[in-house]
> 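Got a structure here, written out as structure tokens. Questions coming.
Scope of the values below: all heavy atoms of this structure, side chains included, with no hydrogens, waters or symmetry mates. This structure is a prediction, so every number in the text was calculated from the model and none was measured.
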2 protein chains.
Amino acid sequence: MVDTSPSLGRSPSVKDVAAAAGVSLGTVSNVLNRPARVSPETRSRVERAMADLGFVRNESARQLRMGTSHTLAYVMLDASNPFFTDVAQGIELAAEGADISLFLCNSNNSAAREESHLGHLMQQRVQGILLTPVDPESATIDLVAGRGVPLVLVDRKRDDERYCSVAVDDELGGRLAIEHLVDRGHRRVAYVGGPEKLGQVRDRLAGARAAWADAGLLAAHLTVLPTQALTVGEGRGAGERLAGIPASRRPTAAFCANDLVALGLLQQVIGSGRSVPGDVAIVGYDDIYFAAAAAVPLTSVRQPRQELGRTAAELVFAETEPDHLHRQVVFQPELVARASTTGPSSGPSKGPSKGPGKGPGKG
Amino acid sequence: MVDTSPSLGRSPSVKDVAAAAGVSLGTVSNVLNRPARVSPETRSRVERAMADLGFVRNESARQLRMGTSHTLAYVMLDASNPFFTDVAQGIELAAEGADISLFLCNSNNSAAREESHLGHLMQQRVQGILLTPVDPESATIDLVAGRGVPLVLVDRKRDDERYCSVAVDDELGGRLAIEHLVDRGHRRVAYVGGPEKLGQVRDRLAGARAAWADAGLLAAHLTVLPTQALTVGEGRGAGERLAGIPASRRPTAAFCANDLVALGLLQQVIGSGRSVPGDVAIVGYDDIYFAAAAAVPLTSVRQPRQELGRTAAELVFAETEPDHLHRQVVFQPELVARASTTGPSSGPSKGPSKGPGKGPGKG
DNA sequence: TTGTACGCGTTATCAC
DNA sequence: GTGATAACGCGTACAA
């Protein structure tokens, strides 16, 4: 019905084109791959035939012959987290122009799904795989790389140097968040995040603790509110637990391990009639788009998402070069201050204000 | 370095496996495709060889021989809009188990990128394509379908019946939103959205107008605040324009063409010290996850996102059957009432309240 | 149960 | 400038 081409029952091949144009198979191939070698008349006749028949190159045959594929894949941890879609954008930008198309696969936090995707991609002989793994230490990763598929870890790193990776310095991110809160006069802060098995959660906390110690503050005044996952719902729950702490020792600020948690916390605080940052100042992490767009714009530790993706793509291309040394690229995060810490009536309004006399200096 | 297998310079083929196992090529093929036909000892010997060599099936060769591919693709309009990632989830769930893997392509609202992706996918001879097009009337769509590739339009429809599609009744959605607001006593409402060339924007407005008329209200009291796009930023801008309208004829509620716009509007209203729903009640559209998680949880018109995806996948599978009739599936949306319309001090507090005596009835 | 010859669509290499 | 032919890796039919 929508068929504009003469139906052969199958899609037309170079052979069909050759027959229709009255030339040989090799000529058609030349028109496709080395147009300059073909006389203008012949070429246009061939091109005409291709258009008439609705010829489309068969990538499988091409790849089988050439041994190289024109696709790159990014196996992402969670397609519904804006952070990862921004990373994907960055990859796409780098792949564009190289006549390579990017396929996104969503493992959705499932190791099984990740493995299934990786298996399919290996069978496809994709040119390279970018991966934000469910578990950076998983043996599956070794398996894939062991087969010689160019592989780059994105937003994760492993201790060994057998892989290229791009990541962001999470410990520094934790420091930045805490330094900012200390600067704003907060002397009791909660770190909200979990589970601890996530490297990010651990590293950000480590940075936070280091900065806290550097500021000469009591370790016990940096509370940890653990969560089961980095989701909005968990953030809300943490807000309730925070509210349950006696006012005398309740943190005046919260540093959340990511923006989803921060948004949940924000919602709970505002929904229960308290104010941000008046009652609780909030710092998030990732600086996803919705952070700036929240009802109280969120202060957040920004990661260079697009650049992360772009660099990962470059690394994966470099992997194909003969004697390639794996590189671990680490980016620096940056604090973006917004109303959730700097808004009206910011700074701790009650509680044991240890005196603004200390000033914004640190350690 | 990570190479666990004896390196051949290329990835091992069935031929290599056969040699290593001391059997013939056909036997290896049988182990792969008809294991029952091979004696247990031989089979395990072959399997052993495959493991040792790190054999991975070459999907290109397989596809070339068989003519069928094991991949499905969803070309999505905007990967950073949670609505579409949820649709993708639905597709993935349907594809799972069918031993088919789903590749996501992001056209990012660019017709050129969409075309490029479609081109690559056709060359790959994917089993089917699910598409939320930049422009449903684009000729590219005809071209793809004309080549015989199973194609299903997702969240869009065309007037002709040459395609399968899944969509949601946008006119009904518009009605639901307005009926809800009229029920809550609003007699001046703004419709916020644009550009008008988007079918969704038009249809939702049409439904809104119909419901407004059915309620016996003055057409002039349903204002349209046009936007350039359905983004958070545009929503904020609309909020400013709304605030600029003299109080006597300012709408007491806004119906936004999607949740991103609604979130932007919400942010502007709250940020300027007014309250939701006290000063402005807000209804969004899509019911994305962040809608429920907003500082003032958003009333929204929910679309069955996952089901949309699931059904689209089923339709694309059905396309391969011999004499297939194209189906246009239309889902019903549903209003989810939350605090942005039902919260404390909801309902119009000022303005020409035409009397609550009219009650919540309509037309 | 196992081994062999052939074809799939494309590209590269050679002869014309 | 153009035509013929071998190869890529795998699946299948058929022969042993």
> Looking only at side-chain N and O atoms, does Arg62(B) come under 4.0 Å of OP1 or OP2 in dC10(D)?
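So the side chain of Arg62(B) is outside the cut-off, no N or O lying under 4.0 Å from OP1 or OP2 of dC10(D).
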> Is the phosphate of dA12(C) approached by Arg34(A) (side-chain N or O, under 4.0 Å from OP1 or OP2)?
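Result: yes.
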> Does Asn33(A) place a side-chain N or O at less than 4.0 Å from the phosphate oxygens OP1/OP2 of dT11(C)?
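Yes.
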> Return the orientation label for the His326(B) and Tyr163(B) ring planes: parallel under 30°, perpendicular over 60°, tilted otherwise.
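His326(B) and Tyr163(B): tilted rings.
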> Starting from C1' on dG7(C), measure out to CE on Met66(B) and report it in whole angstrom.
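Taking CE of Met66(B) and C1' of dG7(C), I get 13 Å after rounding.
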> With a cut-off of less than 4.0 Å, is there a side-chain N or O of Thr27(B) near OP1 or OP2 of dT1(C)?
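For Thr27(B), the contact criterion (side-chain N or O under 4.0 Å from OP1 or OP2 of dT1(C)) is not met.
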> If you find the nucleotide of DNA chain D closest to Arg37(A) and the one closest to Ala61(B), which residue's nucleotide is nearer the 5' end?
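Closest to the 5' end, via its nearest nucleotide, is Arg37(A).
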> OP1 or OP2 of dG9(C) less than 4.0 angstrom from a side-chain nitrogen or oxygen of Arg65(B), does that happen here?
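Arg65(B) to dG9(C) OP1/OP2: no side-chain N or O under 4.0 Å.
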> Is a side-chain donor-acceptor pair under 3.5 Å present for Gln127(B) with His70(B)?
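Per modelled atom types, His70(B) and Gln127(B) side chains form no pair under 3.5 Å.
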> Please check the phosphate of dT1(C) (OP1 and OP2 only) for any side-chain N or O of Thr42(B) closer than 4.0 Å.
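No, outside the criterion.
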> Using whole Å, report how far CD of Gln123(A) lies from C1' of dC10(D).
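Atom-to-atom, Gln123(A) to dC10(D), this comes out as 12 Å.
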> May I ask you to verify if any side-chain N or O of Ser13(B) is less than 4.0 angstrom from the OP1 or OP2 atom of dC8(D)?
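Ser13(B) to dC8(D) OP1/OP2: no side-chain N or O under 4.0 Å.
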> Can you check whether Arg43(B) has a side-chain N or O nearer than 4.0 Å to OP1 or OP2 of dT1(C)?
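Indeed not, no polar side-chain atom of Arg43(B) lies that close.
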> Rounded to whole angstroms, how far apart are CZ on Phe55(A) and C1' on dT11(C)?
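Rounded to whole Å, this separation is 12 Å.
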